Peer 1: 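Take a look at this one; I'll ask things after.
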Amino acid sequence: MDSLPSVTVDAITEKTTVLDVREDDEWEAGHIAHAQHIPLGDVMSRYSELPADEEIHVICRSGGRSARVTAWLNQNGFDAVNVSGGMGAWMDAQRDMVSETGAAPYVK
């Protein structure tokens, strides 16, 4: 089995295509401002919403769910990389987040 391509949160810029596969409540609590949100369970039915011609950085809470989605996307013709450490690493690096709740963003 090929090893899964991965990057650290430091590789993400405002121009990076980011797919957040966490659940709705996790997304609402705090996420990367320019990320696209498709929960893990919806990826197979909504993958057509993703850009076919860009590298997609897939993120979740810690890297497990995003690893599964990264592998699936790569098997289906996308150029995807897993974000090691996920939103936990993003928060630890003190990178900017936004929330959908009006409260201070946090990683749930």
Side-chain angles (χ1 to χ4, degrees):
M1 181 176 159
D2 294 333
S3 63
L4 194 64
S6 64
V7 295
T8 65
V9 295
D10 297 333
I12 297 175
T13 69
E14 289 185 10
K15 295 180 180 180
T16 305
T17 300
V18 179
L19 171 62
D20 190 321
V21 298
R22 296 176 301 149
E23 296 302 315
D24 291 339
D25 62 325
E26 294 173 287
W27 169 263
E28 291 166 2
H31 60 271
I32 299 168
H34 67 278
Q36 181 174 356
H37 179 230
I38 302 177
L40 171 66
D42 295 342
V43 171
M44 288 186 185
S45 63
R46 294 178 54 194
Y47 70 90
S48 64
E49 298 173 27
L50 298 170
D53 58 348
E54 296 175 22
E55 184 177 71
I56 301 168
H57 289 61
V58 187
I59 197 165
C60 66
R61 169 70 177 88
S62 61
R65 289 173 283 181
S66 57
R68 290 168 42 201
V69 172
T70 298
W72 187 86
L73 288 172
N74 285 332
Q75 290 167 357
N76 287 277
F78 288 89
D79 181 11
V81 295
N82 188 41
V83 179
S84 300
M87 287 300 295
W90 184 267
M91 182 180 65
D92 291 346
Q94 301 182 336
R95 301 283 300 267
D96 288 337
M97 291 189 295
V98 296
S99 76
E100 300 294 310
T101 64
Y106 69 96
V107 174
K108 186 172 184 174

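Nothing here was measured: the structure is a model prediction, and the numbers come from that model.
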Peer 1: Just do the side-chain contact (heavy atoms from CB on, under 4.5 Å) check on M87 and I32 with the steps written out, would you?
Peer 2: CA-CA 9 Å; M87 287 300 295; I32 299 168; 3.9 Å; yes
Peer 1: Looking at G63 and C60, what are the two nearest heavy atoms and their distance?
Peer 2: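 What the structure gives for the nearest pair is N-SG, 3.1 Å.
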Peer 1: Applying salt bridge (Lys or Arg N to Asp or Glu O under 4.0 Å), can you list everything that pairs with E23, at least two apart in sequence or on another chain?
Peer 2: none
Peer 1: Could I get the full list of salt bridge (Lys or Arg N to Asp or Glu O under 4.0 Å) partners for E49, not counting sequence neighbours?
Peer 2: R46
Peer 1: Using the ring pair (Phe, Tyr, Trp, His ring centres under 6.0 Å) rule, collect all pairs that involve residues 4-41, keeping only residues at least two apart or in two chains.
Peer 2: W27-H31, W27-H37
Peer 1: Quick one: salt bridge (Lys or Arg N to Asp or Glu O under 4.0 Å) partners of R65, sequence neighbours excluded?
Peer 2: E26
Peer 1: Excluding sequence neighbours, so at least two apart, what forms salt bridge (Lys or Arg N to Asp or Glu O under 4.0 Å) with D25?
Peer 2: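 Listed in chain order: K108.
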Peer 1: Any chance you could measure S66, atom OG, to R61, atom CZ, to the nearest 0.5 Å?
Peer 2: 12.0 Å
Peer 1: Provide the closest heavy-atom pair for P51 versus T17 in the form atom of the first, atom of the second, distance.
Peer 2: CG-CG2, 3.8 Å
Peer 1: What's the spacing between N74 CG and N82 CG if we round to 0.5 Å?
Peer 2: 10.0 Å
Peer 1: What residues, two or more places apart in sequence or in another chain, satisfy side chain to side chain contact (heavy atoms under 4.5 Å, CB included) together with S62?
Peer 2: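 S62: no side chain to side chain contact (heavy atoms under 4.5 Å, CB included) contacts found.
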Peer 1: Please write out which residues are connected to V69 in a hydrophobic cluster, directly or through intermediates, given that two of Ile, Leu, Val, Met, Phe, Trp, Tyr count as joined at side-chain heavy-atom separations below 4.5 angstrom.
Peer 2: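 For the cluster that includes V69, the remaining residues are L19, V21, I38, L40, V43, M44, Y47, L50, I56, V58, W72, L73, F78.
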Peer 1: Under the side chain to side chain contact (heavy atoms under 4.5 Å, CB included) test, which residues partner T13, sequence neighbours left out?
Peer 2: K15, T16
Peer 1: Between CG of D20 and NE2 of H57, what distance do you get to the nearest 0.5 Å?
Peer 2: 14.0 Å
Peer 1: Once side-chain hydrogen bond (donor to acceptor under 3.5 Å, both in side chains) is applied, do any residues pair with E55, and if so which ones, sequence neighbours excluded?
Peer 2: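 Checked E55 against side-chain hydrogen bond (donor to acceptor under 3.5 Å, both in side chains); zero matches.
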Peer 1: Given a cutoff of under 4.5 Å between side-chain heavy atoms of I, L, V, M, F, W and Y, with clusters grown through shared members, what are the other residues clustered with V98?
Peer 2: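 Joined to V98, directly or through intermediates: none.
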Peer 1: Listing request: all side chain to side chain donor-acceptor pair (under 3.5 Å) pairs with a residue in residues 85-99, at least two apart in sequence or in separate chains.
Peer 2: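 Applying side chain to side chain donor-acceptor pair (under 3.5 Å) to every pair that reaches into residues 85-99, excluding sequence neighbours, yields S99-T101.
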Peer 1: Please collect all salt bridge (charged side-chain N to carboxylate O under 4.0 Å, His left out) contacts where either partner lies in residues 30-40, sequence neighbours excluded, each pair once.
Peer 2: none
